[in-house]
Number of protein chains: 2
Amino acid sequence: MADVAERAGVSVSTVSRTLRGLTTVSPEVRARVERAARELDFAASRHAASLVTGRTGNVAVLVPTLSSWFVGAALSGLGLVLRAAGLELTVYVIPDMAERRAFFEHLPARRNADALLVFSFDLTEEETRRLDKLGMPVVYVSQHVDGRPSVYVDDVAGALRGTRHLLNLGHRRIAYVQTVGTGGFSFSSQERLVGYRQALTEAGIPLDEDLVVATPAGDKRGAAEAVGRLLGLREPPTAVFAEQDEVAVAVIWTLRATGIEVPGQVSVVGFDDQPVAQWFDLTTVAQSPSRIGREAGELALSLIDDPGADRERHLVLPTQVIPRATTAPPPAPRSAPDPRPPSP
Amino acid sequence: MADVAERAGVSVSTVSRTLRGLTTVSPEVRARVERAARELDFAASRHAASLVTGRTGNVAVLVPTLSSWFVGAALSGLGLVLRAAGLELTVYVIPDMAERRAFFEHLPARRNADALLVFSFDLTEEETRRLDKLGMPVVYVSQHVDGRPSVYVDDVAGALRGTRHLLNLGHRRIAYVQTVGTGGFSFSSQERLVGYRQALTEAGIPLDEDLVVATPAGDKRGAAEAVGRLLGLREPPTAVFAEQDEVAVAVIWTLRATGIEVPGQVSVVGFDDQPVAQWFDLTTVAQSPSRIGREAGELALSLIDDPGADRERHLVLPTQVIPRATTAPPPAPRSAPDPRPPSP
DNA sequence: GTGAAAGCGCTAACAT
DNA sequence: ATGTTAGCGCTTTCAC
């Protein structure tokens with residue numbers, strides 16, 4: 001910066017003021033400085049600036065993975081907002097418990113970001129308290145944490161309405177396929193199960209725990225076992241609500257491989273509206289992770305500007321049922337329990 | 001840090017030395033300092049440190065998107081390596097031309113990272129030269145740039161062997177479906193086309209430009225049009241080599257929706273081995289983006305330590321043909337051209 | 001509107 | 001083995 005100052009024949013203060021766009025610089029001097037900066041190919045060091053301003057110009061995010069449709073889209077949306085505000089994005093990927101412990105032990109983001117966004121983790125009380133002491137705004141994304149700013153989709157309402165769609169078609173035996181061990185997304189998982197149960201209850205259908213099965217996400221083998229358990233019931237389901245599109249697709253694949261028609265014999269509803277849902281013409285409950293990312297970004301920005309405001313703000317985003325080609329009325333007025341009814 | 005020093009009854013230098021794990025600290029003092037630091041919940045500011053060391057402790061990556069299997073997996077792999085080395089990851093997402101221009105105009109990474117990894121962009125000469133002047137190691141990922149360190153998969157060989165697999169099954173009319181406008185991945189696209197042509201040439205099959213069609217990635221509508229063009233040929237293909245799994249899946253979907261059996265009447269090969277390839281039992285050419293990310297990270301680290309070394313190192317990673325259920329010998333000794341042969 | 005000078009929180013000589 | 005001191009490159013008073 002001293003070089004630029006010398007070349008422009010002004011002081012470093014003036015260069016600083018000019019480059020930050022402050023108004024108190026005469027047009028003539030401004031032009032000289034800008035030319036000098038361009039000629040010297042100069043860019044100010046954020047680090048030196050942050051040392052004195054206390055701002056880092058950086059937002060940190062904590063994510064369980066980057067190989068996920070949800071996280072990818074959410075971070076893209078977030079990136080958009082941050083870039084517009086001149087902030088950069090530091091990503092901490094915490095794939096396992098060891099890394100997670102290390103992160104909360106050292107809190108490497110501590111003085112190196114202006115805000116932290118925590119994605120999809122089911123945090124312990126202690127971890128949350130640790131983040132409270134971080135000295136920067138923390139926004140919880142895709143989860144709700146009492147008394148802290150959170151942004152998430154209304155999973156309960158989404159699952160409720162997705163299940164209602166099946167009920168409205170006439171289904172009475174509706175299974176729920178949930179995922180396990182997906183490293184950090186258990187929060188939405190539980191909420192969606194709640195919505196599913198709520199829909200059945202309001203329709204006066206007793207809950208049958210045999211209809212709730214689990215599978216590892218995106219695993220064809222696991223999905224096959226889960227579907228197998230459902231098909232082996234005395235009264236198998238005529239519809240399946242899957243916690244995510246990936247699971248829905250695996251279920252459909254398994255059913256069709258067995259010669260069971262979707263939606264002819266079994267209807268399937270997913271959750272997410274990932275690209276794969278389009279390929280399969282999957283009826284699903286759509287959410288917009290990119291919007292979540294944007295909203296979380298805006299919230300973080302406002303918290304950076306005014307740490308007092310909105311401390312407890314919870315932003316609940318809507319979902320939308322998208323009817324496509326994997327749902328239809330159940331095959332026939334149910335007769336005797338028979339897992340393989342005669343084809344039409 | 002001064003607080004910690006006071007509390008431990010030592011100088012700031014000693015605190016600094018202790019916290020950085022230097023050896024020249026007596027065990028007794030070290031213990032005192034560490035306790036004080038823990039009690040005060042102290043973490044050193046990277047920014048202040050970087051100001052004097054010249055190192056930022058930060059690696060920047062430039063990616064066209066985060067909503068992509070390839071990028072997500074590659075960054076996960078990269079993150080692993082960086083974390084192990086105590087470095088952080090700053091992500092610049094450049095989704096469009098305006099953002100791209102802005103990035104190269106200001107080069108915000110300039111003094112704020114120790115190295116830059118550029119993913120999958122088809123850079124202009126000028127952009128490359130601009131990066132040369134960045135004053136930090138730049139590693140090109142998923143593309144080759146002459147005279148600069150690059151890490152990429154052998155797309156040509158992959159497509160060559162994938163196409164050979166079809167040839168070996170007896171196919172002679174093999175189409176190539178490429179993607180367009182996917183914002184930055186055109187590099188691999190071109191290379192794979194080269195491999196496809198090479199395979200046909202070495203098998204003595206003349207190239208037929210009618211068999212090379214394009215579609216927007218992951219778009220069912222576009223894929224339908226591309227497939228339509230192929231089915232409308234006087235002599236339609238018996239096999240399709242798709243540039244990516246997503247396209248392969250869209251092609252399969254379209255074919256099956258039309259009543260054309262895969263692989264009974266048309267074989268399909270993809271490229272990537274994404275999760276979706278498993279759901280569809282898709283024969284594909286596998287690559288490992290997570291390995292690419294790791295290798296690129298290692299290369300960047302070595303370049304940071306010794307900017308002179310390996311300046312021109314090109315790391316070419318292998319691919320692997322994975323035969324699954326979407327390839328089979330062509331239907332029959334070809335008779336009269338008929339897009340819809342009678343079903344068996 | 002512009003310049004001079006005092007730090008921000010660290011690390012790296014240099015002393016001791 | 002530990003302390004002292006001089007900056008790193010900026011921003012921000014405070015003068016003018």
Contacts of Tyr140(A) meeting ring pair (Phe, Tyr, Trp, His ring centres under 6.0 Å) (sequence neighbours excluded), chain-then-number -> none
**Asked** Between Thr14(A) and Ser11(A), do the side chains contain an N or O donor and an N or O acceptor separated by less than 3.5 Å?
**Response** yes
Rounded to whole Å, CE of Met1(B) lies from P of dA12(C) at a distance of 11 Å
| query | Ser45(A) side chain N/O closer than 4.0 Å to the phosphate oxygens (OP1, OP2) of dG9(D)? | reply | no
So does Glu298(B) pair up with Arg294(B), basic N to acidic O under 4.0 Å? no
Within residues 46-60 of chain A, the residues having a heavy atom closer than 4.0 Å to DNA chain D are Ala48(A), Ala49(A), Leu51(A), Val52(A), Thr53(A)
Is it the case that the side chain of Arg130(B) and the backbone of Glu105(B) share a donor-acceptor pair, with hydrogens and angles ignored and the cut-off at 3.5 Å? yes
Would you say Arg46(A)'s side chain and Asn112(B)'s backbone share a donor-acceptor pair under 3.5 angstrom?
no
* **Main-chain N/O of Glu99(B) paired with Arg101(B) side-chain donor or acceptor, under 3.5 Å** => no
query: Is the backbone N or O of Ala49(A) less than 3.5 Å from a side-chain atom of Thr53(A), with the two atoms forming a donor-acceptor pair by type?
result: yes
What pairs of nitrogen or oxygen atoms, one from the protein and one from nucleotides 2-6 of chain D, lie under 3.5 Å apart?
| from | atom 1 | to | atom 2 | distance (Å) |
| --- | --- | --- | --- | --- |
| dT2(D) | OP1 | Ser26(B) | OG | 2.8 |
| dT2(D) | OP2 | Ser26(B) | N | 2.6 |
| dT2(D) | OP2 | Ser26(B) | OG | 3.3 |
| dG3(D) | OP2 | Ser11(B) | N | 2.7 |
| dG3(D) | OP2 | Ser11(B) | OG | 3.0 |
| dG3(D) | OP2 | Thr14(B) | OG1 | 2.6 |
| dG3(D) | N7 | Arg17(B) | NH2 | 2.8 |
| dG3(D) | O6 | Arg17(B) | NH1 | 3.4 |
| dT4(D) | O4 | Ser13(B) | OG | 2.6 |

Counting only side-chain nitrogens and oxygens, does Arg20(B) get under 4.0 Å of the OP1 or OP2 atom of dA12(C)? yes
Quick one: do Arg38(B) and Glu34(B) make a salt bridge, cutoff under 4.0 Å?
no
Rounded to whole Å, the CD-C1' distance (Glu6(B) to dG9(C)) equals 16 Å
Rounded to whole Å, the CG-P distance (Leu22(B) to dA13(C)) equals 12 Å
